[in-house]
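Computed from a predicted model, the values in this text were never measured in an experiment.
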Amino acid sequence: MIWFWQAFKLLKLFISFIKAIKKILDRSDDSDNDLKIEDKITSAKDNKEVVENLADTKIEKPVKTKKKSKPEKIEANIELVGPPEEPNLPPKKDSDPLSFAIGLLGFTAGFIGTVYIINKFFIPKYSKVPKALTGELKYIKVDEGLIAYYKDGNGPPMILLHGINPGASSHEMEVIFNHYRLNRTVYSIDLLGFGQSERPDIEYTPELYIRHISELLNHTKLLHDCKPDVIALGLTTEYIVAIAEKAPELFNKIILISPTGLEKAISKTRCACCKIAVNLFKLPVLGQGLFNLITSKTFLKKYLSSRIFAEPRNLSYLMLQQYYHTTHVDGAKNAPAFYVAGELVIENLFQKYLNLKVPSLVIAGTGSEAYSSYEALSPLTKDNKYIIQKVIDNGGLLSYIEKPDDFFNATNKFLS
């Protein structure tokens with residue numbers, strides 16, 4: 001309800017601004033109308049004078065003459081009046097640019113001040129994100145900061161990688177983590193900029209995440225002396241495919257949940273709009289206000305229930321709270337800004353799928369608004385024998401939550 005009130009206040013401010021501009025323009029129009037009325041009055045006076053002059057004109061009566069005499073010319077004392085002279089009016093005044101600039105500056109200052117007050121006093125700020133999983137929380141050092149990961153269980157290693165969105169974290173992988181920690185050593189990674197990991201104000205790129213994940217895979221392989229299985233979600237699947245194409249020796253098997261980049265013609269457009277979006281989020285007041293808007297509980301609930309889940313009732317309150325908490329800590333907007341701007345997509349990924357030499361299971365759940373047809377999967381599985389697919393009806397993008405039986409039947413069979 002707070003955000004409805006905030007949106008209403010911002011709308012009132014915008015309407016006030018529009019009215020202020022309209023008043024300035026109306027003043028200019030009124031001055032123009034006054035000039036036109038004066039022109040009409042002057043013209044009417046001039047015309048009246050012409051009529052009066054014509055009325056005063058005297059015409060002499062003709063003199064009677066003999067029949068055979070020629071008629072005399074009749075001379076009329078008519079004074080010809082030319083067109084009325086244009087009145088000497090003062091020059092037309094344009095709208096005062098200084099007044100407009102002052103009004104615009106005042107509105108901008110008021111708007112920024114309002115957003116600052118909302119950010120400061122009405123939006124909660126958390127010192128840290130609560131733990132997403134029950135396992136042991138550890139950290140690994142990379143050049144850009146600390147990466148957090150959860151570890152639990154015993155047995156062959158398995159690495160879980162959450163998707164990428166403003167509220168992403170290992171909480172997205174909770175169901176899979178709890179399922180496989182019973183007989184596997186499971187690691188769930190919080191990517192840099194998300195969850196419990198540090199959130200530095202740096203440039204986030206696919207290459208950055210590819211390097212981090214490669215280091216984690218290599219570290220896990222050396223620690224367990226065997227190759228790990230990897231389960232990735234959403235956009236993170238692109239980084240796994242890119243790594244597996246160049247370094248298949250780091251993987252045992254791969255499971256890709258709701259993967260992206262399967263369209264043959266997909267390409268990342270580095271346009272001016274993308275750069276503007278990133279820079280907009282970096283603004284200290286307005287950027288934070290915009291991020292708070294798209295991470296409000298109302299917005300997150302609508303986003304998750306419609307675009308992620310096939311059945312809105314499958315969105316739990318705990319999951320919504322976790323999404324909300326992870327987006328309201330210091331630096332929460334740094335990495336998502338590059339995601340929103342489309343800067344974290346890998347170009348021409350389809351060719352990498354074709355070159356994949358690691359056994360891979362692609363799981364696609366239907367039913368959500370964000371579901372994109374996986375028409376490229378069928379020819380892909382024919383062209384690459386290492387890839388198999390599983391489509392789960394009404395599974396949404398998180399089919400392991402909405403259809404856990406179908407999901408784990410497929411993954412258990414594949415991993416065994």
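Here the CG atom belonging to Leu361 is positioned 5.0 Å from the CD1 atom belonging to Ile388, to the nearest 0.5 angstrom. In this structure, CZ in Phe309 is found 9.0 Å from CG in Leu397, a value given to the nearest 0.5 Å. The structure places CG of Leu318 at 8.0 Å from CD of Gln321, a figure rounded to the nearest 0.5 Å. Here the CD1 atom belonging to Ile255 is positioned 13.0 Å from the NZ atom belonging to Lys390, to the nearest 0.5 angstrom.
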Practice prompt. Apply ring-ring contact (aromatic ring centres under 6.0 Å, His included) to Tyr187 and His219, showing your working.
Written response: CA-CA 12 Å; Tyr187 300 87; His219 176 76; 8.2 Å; no
Worksheet entry | Working for side-chain contact (heavy atoms from CB on, under 4.5 Å), residues Thr260 and Thr237 | CA-CA 7 Å; Thr260 59; Thr237 61; 4.3 Å; yes
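In this pair, His179 and Phe408 present their aromatic rings parallel. The plane angle is below 30°, not in the 30 to 60° band. Classification of the Phe194-Tyr209 ring pair by plane angle, with boundaries at 30° and 60°, yields tilted.
Minimum interatomic distance between Leu192 and Ser197 (heavy atoms only, all atoms of both residues): CA-CB, 4.1 Å. Between Thr326 and Ala168, the shortest heavy-atom contact is OG1-O, 4.2 Å. In terms of heavy atoms, Asp383 sits closest to Leu354 at CB-CD2, 4.0 Å. Ile240 and Ala232 get closest at one heavy-atom pair: CG1-CB, 3.7 Å. In plain terms, the two heavy atoms of Ile189 and Ser170 that are nearest each other are O-OG, 3.4 Å. Smallest separation of non-hydrogen atoms from Phe414 and Pro359: CZ-O, 3.5 Å.
At least one side-chain heavy atom of Asp143 sits under 4.5 Å from a side-chain heavy atom of Arg211. With a 4.5 Å cut-off on side-chain heavy atoms, Ile231 and Ile257 count as touching. Considering only heavy atoms from C-beta on, His325 stays 4.5 Å or farther from Gln322 through its side chain. Annotation: side chain of Ile346 is in contact with side chain of Lys352 (closest heavy-atom distance under 4.5 Å). Contact check for Tyr149 versus Lys138: side-chain heavy atoms found under the 4.5 Å cut-off. Counting heavy atoms from C-beta outward, Val362 and Leu380 have side chains that stay 4.5 Å or more apart. Using a 4.5 Å heavy-atom threshold, the side chains of Leu235 and Asn165 count as separate. At least one side-chain heavy atom of Lys131 sits less than 4.5 Å from a side-chain heavy atom of Tyr150.
Side-chain N or O atoms of Glu402 include none that pairs as donor or acceptor with a backbone N or O of Asn314 at under 3.5 Å. Proximity of a side-chain donor or acceptor of Ser368 to a complementary backbone N or O of Ala310 within less than 3.5 Å is not detected. Using a distance-only test at 3.5 Å, with no hydrogens or angles considered, no donor-acceptor pair links the side chain of Ser399 to the main chain of Gly396. The main-chain N or O of Leu191 is found under 3.5 Å from a side-chain atom of His162 such that the two form a donor-acceptor pair.
Under 3.5 Å, the side chains of Tyr400 and Thr411 contain no donor-acceptor pair of N or O atoms. Side-chain contact, Tyr386 with Asn355: no donor N or O sits under 3.5 Å from an acceptor N or O. For the 3.5 Å distance criterion, the side chains of Gln196 and Asp190 fail to qualify, holding no donor opposite an acceptor. Between the side chains of Arg181 and Ser188, no donor N or O sits under 3.5 Å from an acceptor N or O.
A 6.0 Å sphere centred on NZ of Lys302 holds no more than 12 heavy atoms belonging to other residues, nucleotides or ligands.
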